[in-house]
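Take a look at the structure below.
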2 protein chains.
Amino acid sequence: MNLSTPLTRPSLHEELVTRLREAIVQGTLAPGAKVPERELCESLGVSRTPLREALKVMANEGLVVLESNRGARVSNVTMEELEAAFPVIAVLEGLAGELACARASDDEIARIALRHRDMFRHYEAGNRPAYFQANRDIHDALMAAARNPVLAQHYTMLSSRVERARLLANVSDSRWAEAVEEHHDILAALEARNGARLRDLLTAHLNNKLAALKKALS
Amino acid sequence: MNLSTPLTRPSLHEELVTRLREAIVQGTLAPGAKVPERELCESLGVSRTPLREALKVMANEGLVVLESNRGARVSNVTMEELEAAFPVIAVLEGLAGELACARASDDEIARIALRHRDMFRHYEAGNRPAYFQANRDIHDALMAAARNPVLAQHYTMLSSRVERARLLANVSDSRWAEAVEEHHDILAALEARNGARLRDLLTAHLNNKLAALKKALS
DNA sequence: ATGTTGAATTATGAATACAATTTGAAATGA
DNA sequence: TCATTTCAAATTGTATTCATAATTCAACAT
């Protein structure tokens, strides 16, 4: 048990941030939709104050935009934003990979390898949702293995902004095959603990993902 | 005049975030100090609501920590945090350099070069504050030249967290000389628009800075 | 019929009020 | 004297209120 943390129960606005973030990433709160303050207050059973605090935080992260005297809207997923965000995510993931090679336990690497095999199976079965989930798990596990909370924090912010793009367009089958290929290399570099190579592979992987999105959305 | 923007006056809490961030970076609000809510409200002439909204946002950025029922404290600058944050800043600056090489106007590069010459003069004169200022200007200008708002946003968050370290320890003269040397190379790579090289130089520059800080603080 | 005006309604931004928790010092006892 | 307990004051987290800006919609003019 952890006795160093002084037993701090999460504040209302933090829980709201978490739940709203999920709702936005999942698409329950659609991009561009205005956030109905009063309604949410009622359904969540809180007053406006903590909800509004949560909205300020999410606005700072770019998940919502605040229009003065007109309330909050879920931010739109634009091509411009994706083009800006992806290169940043790419270098962050690259760094995560590099650090993970240096710091991950053998056990962690084994677990990531296992998840890879799951993912490959989902690909063979053509099961996109399961593939996506496994893919996310892998990236999250890698981030955890990097043991850098600052990195993880910014990664979380950015991926929640971008994750929603998957709802906009399915990538082509050919890109899917390519991505799987890339993941074979990624796993190999991780298992070899080749940090520099894994970094470059991950950065390229993300940049390729952006290119594919661009194509799918044009 | 710009008529496309729908005439939006900045909200109170946003202004507060900006001002509090400055106060924290500048050291007016010292690391570890608790944020006196009532006092700040009076001196800033606002009520608690917008101030508290600002504090939530800054807590999300890591500039303050919220202790439940015990209010906000300015976060401490720990070695652990610096070790986590610097590598992230390093890759972000690297990306900024790479993008700047591709996107900066000749004019922008010329201005950055000019600011470099200022900075070199301040070094020769042994004027640390002026050197720091010029140094910051250079990094900010580079970031602006990268034309990536997402990158800039995260860079701002991170550097405000880390900037305060300069108040903790003066780097050694030998490291100072080294940093100046590195900046000569950085400028050269930028003027040659050699993106890959500038990226690597900047990343290394930041990582060296961390190493120097580690030495100075031990 | 279509477009415009303006009062009523609603929603928002900020201030204030209230309840719960923490703090700190006086009072008590060893 | 020193530790412990108790209780008031202060501070915080959340709810509510208030003033103002935006929206809606019916009445009117074109």
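Lettering follows sequence order; numbering is per chain, from 1.
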Self-check item: Footprint string (nucleotides 8-17 of chain D, 5' to 3'): B base within contact, S backbone only, - free, heavy atoms under 4.0 Å
Solution: ---SBBBBBB
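Taking the salt bridge (charged side-chain N to carboxylate O under 4.0 Å, His left out) definition, one finds that B/Glu15 meets it with nothing, sequence neighbours left out. In this structure, A/Glu22 has no salt bridge (charged side-chain N to carboxylate O under 4.0 Å, His left out) partners at least two apart in sequence or on a different chain. Remark: B/His154 pairs with A/His154 by the ring pair (Phe, Tyr, Trp, His ring centres under 6.0 Å) rule, at least two apart or across chains. Listed by chain and residue number, B/Arg115, B/Arg121 satisfy the salt bridge (charged side-chain N to carboxylate O under 4.0 Å, His left out) test with B/Asp118 (two or more places apart in sequence, or in another chain). Every residue two or more places apart in sequence or in another chain was checked for a salt bridge (charged side-chain N to carboxylate O under 4.0 Å, His left out) with B/Lys215, and none qualifies.
The separation between A/Glu39 atom CD and C/dT10 atom P is 15 Å, rounded to whole Å.
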